[in-house]
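Worksheet: the structure to be examined is printed underneath.
Computed from a predicted model, the values in this text were never measured in an experiment. Counting begins at 1 with the first residue of the sequence.
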Amino acid sequence: MAGQGEERGEEKKKFSIWDLPDVPAGQLPPHLELQRTRVLCNKDAPIHTESVLYSGAYASMGVDNSLRLDHFCHNFRVEVVRLTEEDMEFDMIGIDAAIANAFRRILIAELPTMAIEKVLIANNTSVVQDEVLAHRLGLIPISVDPRLFEYMSENDQPNEKNTIVFKLHVHCKRGSPRITVKSDELKWLPNGSELIKESRKVASDSASKPETYTSFSCSQDTLPEFANNPIAPKYPDIIISKLGPGQEIELEAHAVKGMGKTHAKWSPVATAWYRMLPEVVLLEEVEDDLAEGLKSKCPVNVFDIEDLGKGKKRATVARPRACTLCRECIRDEEWEKRVAIHRVKDHFIFTIESTGALPPEVLFTEAVKILEDKCERVITELS
């Protein structure tokens with residue numbers, strides 16, 4: 001009896017999953033491969049949303065799940081889908097969600113721009129309070145490359161390398177209708193501030209130059225990068241305030257270099273977001289009236305009708321990228337066996353909307369450089 005038990009034990013040890021006829025050697029079974037690479041979107045909630053990053057997750061099946069550099073370099077790619085002056089849509093393929101999110105956070109919070117930080121108000125009789133007016137001015141995008149300027153610390157003096165000065169002086173005459181003050185009224189002062197520090201005037205020496213709030217050694221418009229490209233707000237029609245008869249605004253605004261993690265006015269993007277690539281699969285042929293019903297269910301026209309001839313029609317997945325995961329096509333139980341909705345875990349549709357300071361493709365390139373610097377710092381500290 002003992003000998004028979006040992007033989008049975010040996011038979012059990014010899015049996016493995018690879019003895020099954022539908023499991024190819026060195027590959028995961030189809031249902032596990034689907035769970036590893038896709039998010040399954042059921043009618044109630046998505047499942048298998050996690051990423052399996054553990055290298056030994058499938059070691060018992062002989063599958064190496066470790067991250068290899070050669071494998072990453074072979075699979076990773078960026079494909080630009082749409083590019084305009086203001087926004088950009090591209091696909092990042094072959095990366096994890098953590099990397100895509102790192103790019104998003106860098107774009108929002110760590111890319112520097114120039115924005116109005118200090119507002120010197122000489123006169124403001126409008127209905128907009130001084131602090132609200134200064135806040136509105138700070139949110140106006142400035143069309144200038146921030147890489148041409150330096151950061152200004154608390155101990156630095158405003159100069160032509162770290163400060164941009166604008167002047168705003170608008171007056172609504174009595175008897176005139178109300179006027180709208182827009183961002184095109186902000187005039188660039190390439191020679192720096194024109195407001196004199198009253199408390200520091202040297203009364204005894206009338207020939208000395210009055211001290212202003214900036215110390216420019218040269219005019220900014222003499223620099224080659226600004227000679228043919230004057231600094232101005234990106235959009236000329238942003239409303240700053242409205243003035244009634246007799247009201248006036250006179251001020252000077254100083255823009256400096258900063259990052260979005262300090263204040264949102266320095267963020268170079270209106271938004272930066274991503275989503276996984278949708279994948280819509282027809283599990284069976286959907287024909288005739290069912291095909292028409294499936295097409296009418298989708299509010300974004302993912303499905304289309306293919307004419308097969310002889311009065312026969314068949315549903316096809318024409319625009320899967322447009323799927324918004326509303327799940328109307330699988331809301332009824334009988335449709336779950338006909339349609340499946342997935343998300344590809346390593347394929348991200350990334351969208352960047354620039355505020356106008358820099359083109360969106362430049363923003364992404366700068367974000368890559370910042371992430372590269374972060375990685376180099378970590379490697380240096382660990383070595």
>> Are Phe364 and Tyr274, when compared by the centres of their aromatic rings, separated by less than 6.0 Å?
In response: no
>> Just verifying a value: how many Å separate Asn162 CG and Gln157 CD, rounded to the nearest 0.5 Å?
In response: 9.0 Å
>> Around atom CD of Glu333, are there more than 12 heavy atoms from other residues, nucleotides or ligands closer than 6.0 Å?
In response: no
> Does a salt bridge link Lys297 with Glu328, judged by any charged N lying under 4.0 Å from a carboxylate O?
Replying inline: no
> Within the distance-only criterion (no hydrogens, no angle test), does the side chain of Asp96 pair as donor or acceptor with the backbone N or O of Ala98 below 3.5 angstrom?
Replying inline: yes
> Step by step, would you call Leu40 with His342 a side-chain contact (heavy atoms from CB on, under 4.5 Å)?
Replying inline: CA-CA 5 Å; Leu40 309 183; His342 305 152; 3.5 Å; yes
>> Can you tell whether the side chains of Arg147 and Glu225 come within less than 4.0 Å, N to carboxylate O?
In response: no
> So, for Trp266 and Val256, which heavy atoms are closest and what is the spacing to 0.1 Å?
Replying inline: NE1-O, 3.1 Å
> Quick one: which of Val281, Ile330, Leu290 gives a side chain to side chain contact (heavy atoms under 4.5 Å, CB included) with Arg338?
Replying inline: Leu290
>> Counting C-beta onward and ignoring hydrogens, is there a side-chain heavy-atom pair between Met259 and Pro146 closer than 4.5 Å?
In response: no
> Yes or no on side-chain contact (heavy atoms from CB on, under 4.5 Å) for Lys167 and Val165, after CA distance, side-chain angles and deciding distance?
Replying inline: CA-CA 7 Å; Lys167 180 181 180 180; Val165 181; over 6 Å; no
> Do the side chain of Lys265 and the main chain of Gly138 share a donor and acceptor less than 3.5 angstrom apart?
Replying inline: no
>> Please determine whether side-chain contact (heavy atoms from CB on, under 4.5 Å) holds for the pair Thr37 and Asp346, giving the CA-CA distance in whole Å, both sets of side-chain angles, and the decisive distance to 0.1 Å.
In response: CA-CA 7 Å; Thr37 60; Asp346 66 344; over 6 Å; no
>> Name the residue from Phe90, Trp273, Phe103 that meets the ring pair (Phe, Tyr, Trp, His ring centres under 6.0 Å) definition with Phe350.
In response: Phe90
> Given side chains that start at C-beta, do those of Pro360 and Leu83 come closer than 4.5 Å, heavy atoms only?
Replying inline: yes
> Quick one: are His254 and Met152 in side-chain contact, heavy atoms under 4.5 Å?
Replying inline: no
> Does a donor on one side chain sit under 3.5 Å from an acceptor on the other, for Asp64 and Ser66?
Replying inline: yes
> With a 4.5 Å limit on heavy-atom distance, are the side chains of Asn65 and Tyr54 in contact?
Replying inline: no
> Quick one: do the Asn191 and Ser219 side chains pair a donor with an acceptor below 3.5 Å?
Replying inline: yes
> Are Glu285 and Lys312 close enough for a salt bridge, meaning some N to O gap below 4.0 Å?
Replying inline: no
> To the nearest 0.5 Å, what is the distance between CZ (Arg38) and NE2 (His347)?
Replying inline: 10.5 Å
>> Between Lys337 and Glu284, does any side-chain N to carboxylate O distance fall below 4.0 Å?
In response: no
> Is there a side-chain contact between Arg343 and Thr49, using heavy atoms and a 4.5 Å cut-off?
Replying inline: no
>> Do Leu137 and Val132 sit in one hydrophobic cluster, given that two such residues count as connected whenever their side-chain heavy atoms are within less than 4.5 Å of each other, even indirectly?
In response: yes
> Without hydrogens or angle criteria, can the side chains of His169 and Glu185 be said to hold a donor-acceptor pair below 3.5 Å?
Replying inline: no
> Looking at CG of Asp156 and OG1 of Thr163, how far apart are the two atoms once the value is rounded to the nearest 0.5 Å?
Replying inline: 9.0 Å
> Which pair of non-hydrogen atoms, one from Val119 and one from Ala134, has the smallest distance, and what is that distance?
Replying inline: CG2-CB, 3.8 Å
>> Between Val181 and Leu168, does the side-chain contact (heavy atoms from CB on, under 4.5 Å) criterion hold? Intermediate values first, please.
In response: CA-CA 9 Å; Val181 182; Leu168 175 65; 4.1 Å; yes
> Hey, any chance Val52 and Ile95 share a hydrophobic cluster, counting ILVMFWY side chains that come within less than 4.5 Å of each other, even indirectly?
Replying inline: no
> If you round to the nearest 0.5 Å, how far is OG1 of Thr316 from CG of Leu282?
Replying inline: 8.0 Å
> What distance separates Thr271 OG1 from Leu107 CG, expressed to the nearest 0.5 Å?
Replying inline: 10.0 Å
> Out of His48, Met276, Glu279, which one pairs with Val39 under the side chain to side chain contact (heavy atoms under 4.5 Å, CB included) rule?
Replying inline: Met276
> Do Glu33 and Arg36 sit within salt-bridge range, that is, some charged N less than 4.0 Å from a carboxylate O?
Replying inline: yes
>> Any salt bridge linking Glu372 with Lys369? Criterion: basic side-chain nitrogen under 4.0 Å from a carboxylate oxygen.
In response: no
> Any salt bridge between Lys374 and Glu110, counting N to O under 4.0 Å?
Replying inline: yes
> Are Val317 and Val300 connected in the hydrophobic side-chain network, where two residues link if heavy atoms are under 4.5 Å apart?
Replying inline: yes
> More than 12 foreign heavy atoms under 6.0 Å from CZ of Arg319: is that the case here?
Replying inline: yes
>> Show the nearest heavy-atom pair for residues Cys329 and Trp335, with the distance to one decimal.
In response: O-CB, 3.2 Å
>> Same cluster or not: Val63 versus Leu32, using hydrophobic residues (I, L, V, M, F, W, Y) connected whenever any side-chain heavy atoms lie under 4.5 Å apart?
In response: yes
> Rounded to the nearest 0.5 Å, how far apart are NZ of Lys313 and CG of Asp288?
Replying inline: 7.0 Å
